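Comments concern the structure below.
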Amino acid sequence: MFSFIVRRVAYAVPTLLILIIASFLLMYAAPGGPFTTERALPPEVLKNIEARYGLNDPLAVQIWNYIWNVVTNFDFGPSFKYRDRSVNDIISQGFPVTLTYGIWSFIFAIIVGLSLGIVAAIRHNTTADYAAVGVSIGAQVLPNFVMAPILVLIFTLWLRWLPGGGWNGGQIEYVIMPVIALSTSYMANIARLARSSMLEVLNSNFIRTAKAKGLSERNVILKHALKPALMPVISYLGPAFVGMITGSVVVDMYFSTGGMGQYFVNSAFNRDYSVMMGITILIGVLTITFNTVVDIVYAWIDPRIRLS
Amino acid sequence: MKFTTMFKLASATAIVAALTSGAYADKMHPETGEKLAEDQTFTYRLLDGIPTLDPQLNEDVSGSDILRDLFEGLLNQDAKGNLIPGVAESWEANDDNTVYTFKLRDDAKWSNGDPVTAGDFVYAWQRAADPATASPYSWFVELMSIENAAEIIAGDKDPSELGVEAVDDHTFKVTLTSALPYFAAMTTHATTFPVHKATIDEHGDQWTRPENMVSNGAYKLTEWVLNERTTRERNEMYWNNDKTILDKVVTLVINDENVALTRYRAGELDRTEIPSGQYPALSKELPNEATVFPRLCSYYYTFNMSDKGPEAFKDQRVRQALSYAVDRKVITDNILQAGQYQAYTFTPGATAGFEVPDVAFGQMTQEERDAKAKELMAEAGYGADNPLKFDMLYNTSEAHKKIAVAMSQMWKQKLGVEATLANMEWKTFLETRGNQDFELARGAWCGDYNEASTFLDLVTTPSGYNDGKYSNAEVDQLMVDAKTSSDASANYTRVEEIIADEMPIIPIYHYTGNLMLKENLKGWPVENVEQNWYSRDLYKVAE
């Protein structure tokens with residue numbers, strides 16, 4: 001187990017390095033720069049600004065300086081757009097927001113998704129099954145940019161129960177709609193995966209044996225069927241978790257949460273190179289970490305898998 | 001919010017309310033006598049997060065709106081845009097208008113109680129020009145024609161050599177390189193606001209955080225969550241605090257204009273922009289809230305007249321024909337539908353001291369223009385057998401697309417011209433246009449100050465915004481002369497006539513501001529075409 005983790009970390013370093021260099025090059029290949037404005041800046045003014053941000057160095061030097069600062073000082077540089085903030089400031093303000101509604105979405109998606117999927121599989125081809133499948137297909141076909149306005153229409157404009165957006169330090173009434181909008185499609189995926197794998201497991205020989213031995217249905221499902229049925233769901237949960245806690249562009253923009261998701265798009269539009277890099281690296285690290293976690297959970301659930 | 005904080009806040013509010021309720025119960029507006037609302041909080045929508053609240057680094061319109069509340073410069077504007085005293089009680093210029101002396105009021109204070117002195121202005125103005133500050137707006141100091149500004153920005157002179165001087169604590173003297181007639185008006189701009197040196201020295205980049213900021217305006221910053229909200233509250237130290245009525249101003253970032261409108265309807269906002277195309281419906285539904293007023297902004301298309309541009313556009317007749325054939329009335333009345341003005345000149349008619357000249361093609365009927373356009377096209381050698389073809393470029397947006405489609409259809413029907421539409425994401429668009437890699441491109445400009453030169457400078461050869469690379473020696477000279485002339489209106493009229501004749505750009509329309517303003521919010525300066533509004537002039541009446 002320990003050597004497995006060490007090996008994963010060793011792989012992560014070159015992966016991240018490639019990620020950084022590739023993003024850096026792609027970013028600079030895009031036309032325009034952070035200080036491209038409507039009225040072209042006088043050359044002397046532009047020169048002063050570029051000197052301040054080290055943009056006048058050769059690209060290789062810039063990449064080296066960047067990596068060096070990240071590794072030695074954990075310093076991701078100043079934002080080019082938000083002049084009074086560093087990338088660390090921006091992430092430490094935006095990430096807790098997405099983390100909050102992301103974790104709630106994750107819990108909500110798992111509980112509702114798994115329940116729907118398992119009930120549908122156990123009551124295969126009954127009304128309960130059709131209802132569960134109906135709900136999850138409904139949730140799947142309603143993308144969050146459709147879901148969000150519908151929620152606002154109902155809860156803000158008609159019922160006047162919830163504010164139409166904002167975050168306000170994460171008070172509960174500001175969190176509800178982002179969680180629903182973000183989690184529904186994940187929930188639907190979990191329900192579908194759980195249902196089909198549960199059905200497969202329920203039709204396998206060892207379950208038939210268990211039933212033949214006269215075990216109660218409850219015991220058969222909880223003790224024998226659930227664990228193997230969860231395998232495909234778990235491999236889906238790793239990337240899904242990262243996706244949820246790093247937020248969604250649509251949710252952040254629509255509900256004006258101030259979360260991190262919006263920076264995916266905004267930093268690209270603004271050519272805010274340092275914010276773009278910071279977020280890319282953060283998501284890279286999280287993805288690698290949670291894929292590792294999924295592998296460990298896998299081995300723990302399925303003894304046939306060895307971490308070697 | 002933790003329970004304890006919430007409890008403390010609630011009890012504090014209760015105590016304050018108990019103490020002041022007598023005063024509030026029948027509080028009237030001192031001048032109009034209207035009954036004031038108890039809650040004097042103004043909440044409005046911002047399209048995007050504020051990039052910076054450092055006056056010298058700011059380059060953003062919505063940032064300036066907040067900065068005018070947090071800081072006070074030498075002069076302010078009233079509801080009509082006239083200059084009124086700010087920190088400066090009075091000002092005078094020498095005979096040839098090259099030295100300005102401002103007398104500062106002695107009761108102006110920073111939010112920490114320090115007096116505001118001439119030295120604070122000297123520091124702020126030097127800071128704006130200093131290459132070490134790396135301000136994208138340092139050119140504004142150069143535009144103000146302050147002595148040595150250009151050399152300091154270029155790094156050839158030390159910032160201390162800028163032509164500004166604190167004669168004593170309450171006398172601020174500025175030396176200019178030329179007699180700029182609108183110099184005083186430029187001191188209402190955020191770049192020129194004073195900043196508190198001790199605070200900046202102590203906190204560096206972090207000085208604009210609410211917990212660190214020391215400011216001298218009617219409000220102080222109490223909350224700033226990037227890309228979510230800002231809050232500013234009454235500054236008790238402000239010299240004219242007794243006249244301030246609004247206690248608190250909140251901005252909420254809402255990227256989508258339709259979402260903002262929904263939240264406005266839900267009562268979460270007092271002000272939001274009217275989404276494009278929705279003015280006719282909203283003005284019927286909420287006539288007392290949908291507000292329209294002229295703005296100092298122009299929408300136009302620019303021909304690429306550089307060597308990289310198409311040969312056809314070097315022919316004046318072609319440029320004229322294309323401009324004539326655009327039916328501006330269709331664009332303003334059928335597409336935009338929010339009171340925009342048809343444009344035949346570059347400078348909007350709302351600009352102070354600018355008389356819209358009767359340029360010839362503006363006086364014709366559209367039928368006459370169309371007939372003339374056909375004639376000119378034929379003369380230039382284009383027709384059904386040899387159609388003119390070019391690309392027209394705009395930055396990605398539904399509204400720009402509608403206009404581009406309409407224009408290309410007008411050209412196709414009237415002149416047989418085949419214009420191909422191309423759109424690009426903003427920065428790519430700017431880069432492409434700035435490198436002259438286009439044929440015909442969209443442009444828009446809002447005035448930096450209320451004077452025609454802020455527009456007409458853009459058609460001069462050295463302008464950083466002249467992406468079409470139009471160059472006319474007479475225009476250049478007229479604009480140089482205008483900078484020192486006591487009445488430049490004849491120069492501006494002449495420049496507009498030259499533009500209308502040579503047609504380097506196709507003026508399309510002049511903007512209007514379109515806002516939804518809650519009925520109980522009063523004092524919005526609709527007549528201030530620069531929209532330099534100050535929260536301390538606003539108030540809420542009881543419903």
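In this text, all values refer to a predicted model and were calculated from it rather than measured experimentally. Here is the naming used below: chain letters follow the sequence lines, and residue numbers restart at 1 for every chain.
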| field | Under 4.5 Å from a heavy atom of chain A, the part of Ala132(B) involved | value | backbone
| Using the ring of each side chain (for Trp, its six-membered ring), is Tyr273(A) parallel, tilted or perpendicular to Tyr28(A), with breaks at 30° and 60°? | tilted
| said: So which residue, Gly258(A), Gly164(A), Gly170(A), Gly166(A), ends up with the most heavy-atom pairs under 4.5 Å with chain B? | reply: Gly164(A)
| query | What option among Leu252(B), Thr208(B), Asp54(B) has the most heavy-atom pairs under 4.5 Å with chain A? | reply | Thr208(B)
| note | Residue from Thr52(B), Ile50(B), Leu226(B) scoring the most non-hydrogen pairs under 4.5 Å with chain A is Leu226(B)
| said: Please tell me whether Tyr394(B) and Tyr301(B) form a close aromatic pair, meaning their ring centres lie under 6.0 Å apart. | reply: no
| side chain to side chain contact (heavy atoms under 4.5 Å, CB included) partners for Pro239(A), two or more places apart | Asn291(A)
| message | If I measure from the heavy atoms of chain B, does Phe35(A) come under 4.5 Å with its side chain, its backbone, both, or neither? | response | backbone
| request: Give the member of Glu44(A), Arg52(A), Arg83(A) that has the highest number of heavy-atom pairs under 4.5 Å with chain B. | output: Arg83(A)
| message | Which atoms of Arg265(B) are under 4.5 Å from chain A, going by heavy atoms: the side chain, the backbone, both sets, or neither? | response | both
| query | Can you say whether Ile153(B) sits under 4.5 Å from chain A via the side chain, the backbone, both, or neither, judging by heavy atoms? | reply | both
| note | Counting heavy-atom pairs under 4.5 Å with chain B, the top scorer among Ala148(A), Pro43(A), Pro42(A), Gly165(A) is Gly165(A)
| field | Residues in residues 246-257 of chain A near chain B [non-hydrogen atoms, under 4.5 Å] | value | Met253(A), Tyr254(A), Ser256(A), Thr257(A)
| said: Please check this pair: side chain of Asn144(A) against backbone of Leu182(A), looking for a donor-acceptor N/O pair closer than 3.5 Å. | reply: no
| said: Is Val225(B) in contact with chain A via its backbone, its side chain, both, or neither, using a 4.5 Å heavy-atom distance? | reply: both
| Sidechain-backbone polar pair: Ser79(A) side chain, Val87(A) backbone, donor-acceptor under 3.5 Å | no
| remark: Among Asn435(B), Asp256(B), Ile254(B), the residue with the most heavy-atom pairs under 4.5 Å to chain A is Ile254(B)
| said: Any side-chain to backbone donor/acceptor pair from Asn304(B) onto Phe438(B)? Under 3.5 Å, distance only. | reply: yes
| Atom group of Asp448(B) that falls short of 4.5 Å from chain A, counting heavy atoms | side chain
| field | Check: Trp139(B) ring centre within less than 6.0 Å of Tyr137(B) ring centre | value | yes
| Side chain, backbone, both or neither: which part of Ile49(A) has an atom under 4.5 Å from a heavy atom of chain B? | both
| Can you find a side-chain donor-acceptor pair between Glu202(B) and Asn212(B) that sits under 3.5 Å? | no
| Aromatic plane relationship, Trp426(B) with Phe429(B) - under 30° parallel, 30 to 60° tilted, over 60° perpendicular | parallel
| said: For Glu50(A), which atoms come within 4.5 Å of any heavy atom of chain B: side chain, backbone, both, or neither? | reply: neither
| Parallel, tilted or perpendicular: which describes the rings of Trp161(A) and Phe155(A), with under 30° parallel and over 60° perpendicular? | tilted
| request: Evaluate the side-chain contact (heavy atoms from CB on, under 4.5 Å) criterion for residues Val275(A) and Lys81(A): first the C-alpha distance (whole Å), next the side-chain angles of each, then the deciding distance (0.1 Å), finally the verdict. | output: CA-CA 9 Å; Val275(A) 173; Lys81(A) 162 90 177 173; over 6 Å; no
| message | Before you tell me yes or no, could you show the steps for Glu223(B) and Lys248(B) under salt bridge (Lys or Arg N to Asp or Glu O under 4.0 Å), namely the whole-Å CA-CA distance, both residues' side-chain angles and the distance that decides it to 0.1 Å? | response | CA-CA 11 Å; Glu223(B) 192 184 20; Lys248(B) 191 171 167 185; over 6 Å; no
| request: Heavy-atom distances under 4.5 Å only: say whether Trp207(B) touches chain A with side chain, backbone, both or neither. | output: neither
| Pro163(A), part contacting chain B, at a heavy-atom distance under 4.5 Å | both
| Interface moiety of Thr133(B) toward chain A, non-hydrogen atoms closer than 4.5 Å | backbone
| query | Checking heavy atoms, do the side chain of Ser463(B), its backbone, both or neither come under 4.5 Å from chain A? | reply | neither
| query | Are any side-chain N or O atoms of Lys427(B) and backbone N or O atoms of Gly33(A), one a donor and one an acceptor, separated by less than 3.5 Å? | reply | yes
| task | Answer with side chain, backbone, both or neither: which region of Asp89(A) has an atom nearer than 4.5 Å to a non-hydrogen atom of chain B? | result | side chain
| request: Could you tell me whether a side-chain N or O of Asp84(A) sits under 3.5 Å from a main-chain N or O of Leu53(B), the two making a donor and an acceptor? | output: yes
| message | I'd like to know if the side chain of Asn466(B) reaches the main chain of Thr460(B), judged simply by a donor and an acceptor atom lying under 3.5 Å from each other, with no hydrogens or angles considered. | response | yes
